[in-house]
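Below, each value reflects all heavy atoms present in this structure, side chains not excepted, and no hydrogens, waters or symmetry copies.
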Amino acid sequence: MRADARRNRERIVAAALGLFAGRGAGVSMEEIAQAAGLGVGTLYRHFPDRRALVEEIVQGTLTGLRDHLRAGAAEDVPRWEVLVGMVRHCAGRPLALLGSLPEAQPRSAARQELVREIDGLLAEIVGQAQREGGLRDDLTPEQVVGLLNVAVCRPGARADDPLTTVLLDGLRPVRSGCRCRSSACTCCSGRTVSGSRGRCAGG
């Protein structure tokens, strides 16, 4: 693909992603072309229909998440911090919307394989966090992955919104002498990982 054609394709994907995130599923191909600053014909040369465009956006979003998890898994940091970093990475990305678009169903074989790889990476990181003592160990890794999906795969999800905060705090183990089980508690975790300046309720 020529450099200018590749740039046009990237502009189309970026415009579509922005419009889907801001206005929902009812965005036309003509509006996407206009937002990208391109003609409708150019858009259709790259993506013959809306399904092809949505599939590329979903694939790109999931590939970015997989690569982020791979990079986090390779870092020499507590595994809890890798999980929190994943939540931050997903914030602002319309995962719930992309998964709910009619054109995103059924899942392609390539997308199913990506989802399996992401879930496998997450489960491995969760298990490591439990063995480090950074995450409660009375849940299976699969259950924790399901809870993390609830945190990030919903409309308007943010890393610091109340539901995400409650879910993350609920996954932390309770240390002796602490009653808060907060992801921002320095007496529980030895560091502040959520960016909050909150103090431990038990300290």
Side-chain angles (χ1 to χ4, degrees), residues 1-74 82-123 125 145-165 167 195:
M1 183 183 296
R2 299 196 319 267
D4 57 340
R6 184 173 61 253
R7 284 193 297 270
N8 285 343
R9 192 178 184 90
E10 291 170 351
R11 286 165 63 183
I12 292 167
V13 169
L17 189 55
L19 287 172
F20 286 143
R23 293 175 45 195
V27 176
S28 69
M29 294 289 271
E30 289 75 14
E31 289 173 309
I32 293 170
Q34 183 177 12
L38 300 168
V40 175
T42 300
L43 186 153
Y44 279 107
R45 279 197 296 275
H46 286 278
F47 301 101
D49 55 34
R50 185 181 166 97
R51 181 179 294 276
L53 174 57
V54 169
E55 182 64 29
E56 173 136 339
I57 292 172
V58 174
Q59 283 283 116
T61 300
L62 292 175
T63 298
L65 175 55
R66 180 203 60 192
D67 293 347
H68 179 84
L69 285 171
R70 282 179 174 176
V82 176
L83 293 173
V84 174
M86 182 276 295
V87 172
R88 292 195 186 110
H89 172 83
C90 292
R93 288 170 171 80
L95 297 175
L97 171 64
L98 293 178
S100 68
L101 289 172
E103 294 85 359
Q105 306 299 333
R107 290 179 176 180
S108 67
R111 181 145 47 102
Q112 291 181 41
E113 180 58 32
L114 263 176
V115 170
R116 282 194 293 268
E117 185 175 358
I118 288 168
D119 285 348
L121 282 167
L122 272 173
I125 294 168
V145 170
L147 288 170
L148 292 173
N149 282 335
V150 170
V152 301
C153 295
R154 57 191 170 82
R158 302 191 319 274
D160 61 349
D161 69 41
L163 180 55
T164 303
T165 300
L167 283 170

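The salt bridge (Lys or Arg N to Asp or Glu O under 4.0 Å) check on Glu117 picks up Arg66, Arg70, with sequence neighbours excluded. Under the salt bridge (Lys or Arg N to Asp or Glu O under 4.0 Å) criterion, Asp160 pairs with Arg158, sequence neighbours left out. Partners of Asp49 by salt bridge (Lys or Arg N to Asp or Glu O under 4.0 Å), not counting sequence neighbours: none found. Every side chain to side chain contact (heavy atoms under 4.5 Å, CB included) that Ala33 has, sequence neighbours left out, goes to Val40, Leu43. The side chain to side chain contact (heavy atoms under 4.5 Å, CB included) search around Ala14 returns none, not counting sequence neighbours. With sequence neighbours left out, Ala71 forms a side chain to side chain contact (heavy atoms under 4.5 Å, CB included) with no residue at all. With sequence neighbours excluded, the residues that form a side chain to side chain donor-acceptor pair (under 3.5 Å) with Glu113 are Arg116.
The side-chain heavy atoms of Phe47 and Arg9, taken from C-beta on, include a pair separated by under 4.5 Å. In this structure, Glu56 and Ile12 have side chains that are not in contact, with every pair of non-hydrogen atoms separated by 4.5 Å or more.
Atom CD1 of residue Ile32 and atom CG of residue Leu53 lie 5.0 Å apart, to the nearest 0.5 angstrom. Separation of atoms CZ (Arg45) and CG (Leu38) is listed at 9.5 Å; rounding is to 0.5 Å.
Residue pairs meeting the salt bridge (charged side-chain N to carboxylate O under 4.0 Å, His left out) criterion with at least one partner in residues 10-22, sequence neighbours excluded, are absent.
Put simply, the residue from Val115, Leu114, Ile118, Leu121 that forms a side-chain contact (heavy atoms from CB on, under 4.5 Å) with Leu65 is Ile118.
Counting non-hydrogen atoms of neighbouring residues, nucleotides and ligands closer than 6.0 angstrom, the CD atom of Glu31 exceeds 12 such neighbours.
In plain terms, the two heavy atoms of Ile57 and Ala16 that are nearest each other are CD1-CB, 3.5 Å. Residues Gly72 and Val82 come closest through the heavy atom pair O-CG2, 3.4 Å. Between Thr164 and Ala159, the shortest heavy-atom distance links the atoms CG2-O, 3.5 Å. The shortest non-hydrogen separation linking Ala35 to Leu19 is CB-CD1, 3.8 Å.
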